[in-house]
Amino acid sequence: MTAPWDDWNHVLKLDPDKELPDGITYGDLCATGTDAIEVGGTTGMTEENMTAVIEACAQHDVPLYQEPANPGVVVDSDALEGYLVPTVFNAGSPFWITEAHKEWVRIDDGLDWDRTTLEAYIVLNPEADVAQLTEANCDLTAGDVEAYAKVAERMFGQEIVYVEYSGTFGEERLVSAASDGLEESTLFYGGGVRDYDSAYTMGQHADVVVVGDLAHDGGVEAVRETVDGANDA
Ligand code: 1GP
């Protein structure tokens, strides 16, 4: 069975808690050639700010996914292709591995299983909000990262493994280790991708390069360059 992300090279992640640069619209960002938009962030998420970004992007022709940070911000919208839900494999707190998910399933009796897919995160930048919030153990060797990737794919059946360096450009050898651990699953990489070269570099190891902050503090042209880098890798 094929999944949409089998064909992706690039994802743009829009954070509803952050502004867009002056003069840039959600439409401009949707038209950069990215393969999909993920709407999500770690802090400051509300159903209202999530909905506003989803509605702004829904008018444009790009697959749209929500990445809900917690069960309280899940948006029920036909504009969404689906939900990409983080589970943090190296979290220190079990809340971010299965408990948040249990709460979502408990309170939402209409959960749309066919449109819901987990992302098995391996969080590696200890300074990032996501690392602090989830109390992630970021002190991992290449062997650890490769093993986590195998655990995600082979033991937990995860379709997507996500090496997350949010806010900083990661260590290539650790992204490569994650790739070595996978046979079928799609490897996402995110963190500090800000130009053609950084997208190309991580695109050598990961199937999908995720770009976040650049959408909020760069320009449309810079985002477009990262699309080119990911596509050429
Ligand atoms: C964040 O992986 C994404 O969840 C992208 O990271 O914001 O550093 O581009 P950046």
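Every value quoted in this text rests on a predicted model; they were computed, and no experiment measured them. As the structure lists them, so they are numbered: ligands from 1, and atoms in each ligand from 1.
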Give yes or no for whether the N/O distance cutoff of 3.5 Å, strictly under, is met between [X] and ligand 1.
X: T168; result: no
X: V210; result: no
X: Y121; result: no
X: G167; result: yes

The answer for which part of R194 has a heavy atom under 4.0 Å from ligand 1 is neither
For atom 5 (C) of ligand 1, what is the nearest protein heavy atom, given as residue, atom name and distance?
-> G212 N, 3.6 Å
Identify the protein heavy atom lying closest to atom 7 (O) of ligand 1, giving its residue, its atom name and the separation to 0.1 Å.
-> D213 N, 2.9 Å
Applying the ring pair (Phe, Tyr, Trp, His ring centres under 6.0 Å) test to F89, which of Y162, Y121, F156 qualifies?
-> F156
Test: K13 and D213 ion pair at under 4.0 Å = no
Using a strict cut-off of less than 4.0 Å between a Lys/Arg side-chain nitrogen and an Asp/Glu carboxylate oxygen, indicate whether E221 and R224 qualify as a salt bridge.
-> yes
Option passing side-chain contact (heavy atoms from CB on, under 4.5 Å) with S185 (candidates R154, E153, E159) | E153
Check whether V223 and V53 end up in the same hydrophobic cluster, where Ile, Leu, Val, Met, Phe, Trp and Tyr are linked by side-chain heavy atoms less than 4.5 Å apart.
-> yes
By ring-ring contact (aromatic ring centres under 6.0 Å, His included) - contacts of W5 (at least two apart) | W8
As an exercise, identify every atom of ligand 1 less than 4.0 angstrom from a heavy atom of [X].
X: G190; result: 2 (O)
X: E164; result: 1 (C), 2 (O), 3 (C), 4 (O)
X: G192; result: 8 (O), 9 (O), 10 (P)

Check if Y162 has a non-hydrogen atom at a distance under 4.0 Å from any atom of ligand 1.
-> yes
Do N90 and N137 get their side chains close enough for a donor-acceptor pair, meaning under 3.5 Å?
-> no
Please walk me through it: do K150 and D180 pass salt bridge (Lys or Arg N to Asp or Glu O under 4.0 Å)?
-> CA-CA 9 Å; K150 281 188 184 155; D180 289 344; over 6 Å; no
